[in-house]
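This report concerns only the one structure given below.
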Amino acid sequence: IDGNEANEGGGICVWSCSPELSDLLITENIASNLGGGARFASSSSNISNVIIDDNEAVNGGGVTISWSDVNFNNVELKNNQASSSGGGIDSWDNYQITLEDVLFENNEASGGGGLSFSNTPTIINNTQFIGNEAFGSGGGIIFTGTGSDLNVINTVFINNISEDHGSAIHLKYGVDAELGNIVIAN
């Protein structure tokens, strides 16, 4: 899925359905609003063996997710850009997001270079955040929201940059976080 443009979901828009997406390359797509590579709304989806590379949007350079239950397995989000939040993924008000064996590399945004999550129960396991940049807070991750559960295990944060708070991780507004077996390094 290459070189497309839309208001939401430059490459693909998944709304009120439950697809299994696998073995895809989603690259060089542009969304004038949400989800340069992909947009998920009111859906339950599994994404595996997918590369999301060099996409652009205002929010969610790679992917935007809302009101959904989405599982990522063996996915690469690289070189995506968001002028506002979530260079790799921007996500809010979801049921559950699971990231397993995911690579976030060289993504950029004002907030949440790798990912920006709000009010979203999230499990992150065996994932790498490498060289992501936020021009505000959260070079790797920015995570906000009262009552949001965040579990990060077996995960590495290397060379992420934030011009404000949290080069690797920025948590705010009542997040209930459990972090285990993580590495944060330059």
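Side-chain contact check for Thr155 versus Leu179: every heavy-atom pair is 4.5 Å or farther apart. Using a 4.5 Å cut-off on side-chain heavy atoms (C-beta onward), Val70 and Tyr95 make no contact. Looking only at side-chain heavy atoms (C-beta outward), Ile26 and Val50 come within less than 4.5 Å of each other. Using a 4.5 Å heavy-atom threshold, the side chains of Phe40 and Ile47 count as touching. In this structure, the side chains of Leu21 and Ile12 come closer than 4.5 Å at one or more pairs of heavy atoms. Counting only heavy atoms from C-beta outward, the side chains of Phe129 and Ile169 never approach each other to under 4.5 Å.
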Exercise. Could you walk me through whether Ile158 and Gln128 pass the side chain to side chain contact (heavy atoms under 4.5 Å, CB included) check?
Worked result: CA-CA 8 Å; Ile158 300 172; Gln128 299 177 64; 5.9 Å; no

For this session: Please report the C-alpha distance between Ile142 and His165 in whole Å, then the side-chain angles of each, then the deciding distance to 0.1 Å, and finally whether the side chain to side chain contact (heavy atoms under 4.5 Å, CB included) criterion is met.
Result: CA-CA 9 Å; Ile142 188 168; His165 300 95; over 6 Å; no

For this session: Kindly determine whether Val102 and Thr127 satisfy side chain to side chain contact (heavy atoms under 4.5 Å, CB included), including the steps that lead there.
Result: CA-CA 5 Å; Val102 176; Thr127 292; 3.9 Å; yes

For this session: Please step through side chain to side chain contact (heavy atoms under 4.5 Å, CB included) for the pair Phe104 and Ile89, ending with a clear verdict.
Result: CA-CA 9 Å; Phe104 291 86; Ile89 300 176; 3.8 Å; yes

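If you take CG on Asn126 and CG on Asn154, they are separated by 6.0 Å, rounding to the nearest 0.5 Å. A distance of 12.5 Å separates CG of Asp2 from CG of Leu24, quoted to the nearest 0.5 Å. To the nearest 0.5 angstrom, Ser137 atom OG is 4.0 Å from Asp164 atom CG. For the atom pair Glu105 CD and Ile130 CD1, the distance stands at 5.0 Å (nearest 0.5 Å). To the nearest 0.5 Å, the span separating OG on Ser68 from CH2 on Trp15 amounts to 9.0 Å. Here the CG atom belonging to Asn106 is positioned 5.5 Å from the CG atom belonging to Asn79, to the nearest 0.5 angstrom.
Cluster membership check: Trp92 does not share its hydrophobic cluster with Leu77, using side-chain heavy-atom separations under 4.5 Å among Ile, Leu, Val, Met, Phe, Trp and Tyr. Hydrophobic clustering (ILVMFWY, side-chain heavy atoms < 4.5 Å, transitive): Ile65 and Ile1 are in one cluster. The hydrophobic cluster containing Ile123 does not contain Leu115, counting ILVMFWY residues as joined when their side-chain heavy atoms lie under 4.5 angstrom apart, directly or transitively. Hydrophobic clustering (side-chain heavy atoms under 4.5 Å, transitive across Ile, Leu, Val, Met, Phe, Trp, Tyr) keeps Leu103 apart from Ile161. Both Leu150 and Phe157 belong to a single network of hydrophobic side chains, linked directly or stepwise wherever heavy atoms of I, L, V, M, F, W or Y lie under 4.5 Å apart.
For the residue pair Asn74 and Asp101, no side-chain donor N or O sits within less than 3.5 Å of a side-chain acceptor on the partner. Side-chain polar atoms of Asn73 and Glu100 form no donor-acceptor pair below 3.5 angstrom.
Contact detail for Gly35 and Ala57: the closest heavy-atom pair is N-CB, 3.9 Å. Residue Ala168 comes nearest to Ile184 through the heavy atom pair CB-CG2, 3.8 Å, listed as atom of the first residue, atom of the second, then distance. For the pair Asp53 and Lys78, the tightest heavy-atom approach, listed with the atom from each and the gap, is OD1-O, 2.9 Å. Nearest heavy-atom pair across Ser45 and Val14 is OG-CG1, 3.9 Å. Here the closest non-hydrogen pair linking Ala109 and Ser84 is CB-O, 3.6 Å. For the pair Asn55 and Glu28, the tightest heavy-atom approach, listed with the atom from each and the gap, is OD1-N, 3.3 Å.
No donor-acceptor pair closer than 3.5 Å links the side chain of Asn29 to the backbone N or O of Glu5. Between the side chain of Asn80 and the main chain of Asn107, no donor-acceptor pair closer than 3.5 Å is present. In this structure, Thr122 contributes its side chain and Thr120 its backbone to a donor-acceptor pair below 3.5 Å. Using a distance-only test at 3.5 Å, with no hydrogens or angles considered, no donor-acceptor pair links the side chain of Thr64 to the main chain of Ala38.
Scored by the side chain to side chain donor-acceptor pair (under 3.5 Å) test, Thr144 finds Ser118 as partners (sequence neighbours excluded).
Asn59 pairs with exactly one of Ser116, Ser66, Ser85, Ser91 by the side-chain hydrogen bond (donor to acceptor under 3.5 Å, both in side chains) rule, that one being Ser85.
A tilted orientation is assigned to the rings of Phe117 and Phe143, their planes being inclined by 30° to 60°.
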